[in-house]
Protein chains: 2
Amino acid sequence: MVGAFAVLGEANRLRILEHLRGAECSVGELVDRLGMSQPAVSKHLRVLREAGFVSSRIAAQQRIYRIEPEPFAELEHWLAQYRRLWDRHLDALERHLDNQE
Amino acid sequence: MVGAFAVLGEANRLRILEHLRGAECSVGELVDRLGMSQPAVSKHLRVLREAGFVSSRIAAQQRIYRIEPEPFAELEHWLAQYRRLWDRHLDALERHLDNQE
DNA sequence: CAGGCATATAACCGGGCAGGCATGTTAAGA
DNA sequence: TCTTAACATGCCTGCCCGGTTATATGCCTG
């Protein structure tokens with residue numbers, strides 16, 4: 001679990017995921033849109049791939065990357081353990097707002 | 001956002017959060033239960049506090065730490081942007097299982 | 001007010017990670 | 001087959017971050 005967070009704890013990797021969220025994408029497209037060097041992009045993609053966040057498919061000379069859902073589901077599961085906390089928080093907020101009316 | 005992930009991308013900080021998930025806790029208790037040095041615990045608590053994950057209250061010579069819900073709510077919100085992905089994934093899984101019956 | 005807890009902070013050190021540059025690898029096209 | 005395109009990988013470097021040790025700060029008790 002900590003590994004997943006460590007992978008996401010890097011700005012450029014988050015940007016890559018956001019770009020892949022809309023549609024799958026080749027490495028070159030990511031290089032152009034993110035304005036970073038190709039080796040840097042490839043390295044981040046490797047990290048994301050080994051953590052399961054993305055997978056790649058070969059199309060001619062290109063590698064098309066896309067998001068894989070499993071790690072996000074695991075994040076969701078981890079977060080669920082803490083959900084009661086902010087549920088209570090929202091409840092308290094609601095009561096506060098209700099009282100103000 | 002990336003900051004929150006960076007904060008969670010550290011094993012001992014996750015362990016601290018898990019301990020605080022059950023009940024609020026003093027620094028000394030965390031030191032005992034996690035088996036790490038007191039300065040290390042204090043540093044991690046500082047990082048968690050500055051990121052909003054925990055807050056502290058003074059009780060005599062002790063500082064009692066507890067979890068704050070906001071950052072978790074933000075995580076939830078961030079994750080929601082990707083939820084459609086694994087919703088589709090779960091749908092596909094269901095269809096797969098249905099077909100197997 | 002002196003002394004002892006509980007905790008924070010400072011200074012330092014070592015490992016790991018992100019970035020850049022150079023090069024390897026595979027596939028398409030002439 | 002030679003070249004070029006698209007991408008991966010190795011090596012090096014600088015920086016950040018976590019840990020330890022030592023010290024400061026604040027509070028309670030006698």
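The sequence lines fix the lettering, A, B, ..., with proteins before strands; numbering per chain opens at 1. On a predicted model such as this, the values are computed, not experimentally measured, just so you know.
The partner of D:dG30 is C:dC1, judged by Watson-Crick or G-U wobble contacts that both fall below 3.5 Å.
Per the geometry, CG belonging to B:L45 stands 11 Å off C1' belonging to C:dA8, to the nearest Å. Rounded to whole Å, atom C1' of C:dA8 lies 15 Å from atom CD of B:Q62. The distance between atom CD1 of B:I64 and atom C1' of C:dT7, rounded to the nearest whole Å, is 11 Å. A straight line from CD1 of A:I58 to P of C:dA27 spans 7 Å, rounded to a whole angstrom. Distance CD (B:E29) to P (C:dA6): 11 Å, rounded to an integer number of Å. Going from atom CZ of B:F5 over to atom P of C:dC17 covers 19 Å, rounded to whole Å. Nucleotide C:dA18 holds its P atom 10 Å from the CE atom of A:M36, rounded to whole Å. In this structure, CZ of B:R46 is placed 13 Å from C1' of C:dT7, rounded to the nearest angstrom.
Under the 4.5 Å side-chain heavy-atom criterion for Ile, Leu, Val, Met, Phe, Trp and Tyr, A:I64 and A:I16 are members of distinct hydrophobic clusters.
Under 4.0 angstrom from either OP1 or OP2 of C:dG19 there lies at least one side-chain N or O belonging to A:H44. The side chain of A:R63 places no N or O atom within less than 4.0 Å of a non-bridging phosphate oxygen (OP1 or OP2) of C:dT26. When the side-chain nitrogen and oxygen atoms of B:Y65 are compared with OP1 and OP2 of C:dA6, none of them lie within a distance under 4.0 Å.
Comparing A:A60 and A:P39 by the nucleotide of DNA chain C whose heavy atom lies nearest to each, the residue mapping closer to the 5' end is A:P39.
Here the CG-CG distance, from B:L75 to B:L8, works out to 6.0 Å after rounding to the nearest 0.5 Å. Within the model, atoms CG of A:L30 and CZ of A:R63 stand 14.0 Å from one another, a figure rounded to the nearest 0.5 Å.
In summary, contact between chain A and DNA chain D, defined as any nucleotide atom under 4.0 Å from a heavy atom of the protein, begins and ends at D:dA6 to D:dC11 in the 5' to 3' direction.
Looking at heavy-atom distances under 4.0 Å, B:Q38 makes contact with a base. Residue contacts for A:S42: at a heavy-atom cut-off of 4.0 Å it reaches a base atom on one of the strands shown.
Between A:E24 and A:R57 a salt bridge is recorded (basic side-chain N to carboxylate O distance below 4.0 Å). Between A:R15 and A:E10 there is no salt bridge, since no side-chain nitrogen of the basic residue lies less than 4.0 Å from a carboxylate oxygen of the acidic one.
Closest to the side chain of B:S26, out of C:dG19, C:dT7, C:dA18, is C:dT7.
Relative orientation of the A:F72 and B:Y82 rings is parallel, given thresholds of 30° and 60° on the angle between their planes.
The backbone N or O of A:V7 sits less than 3.5 Å from a side-chain atom of A:R13, completing a donor-acceptor pair.
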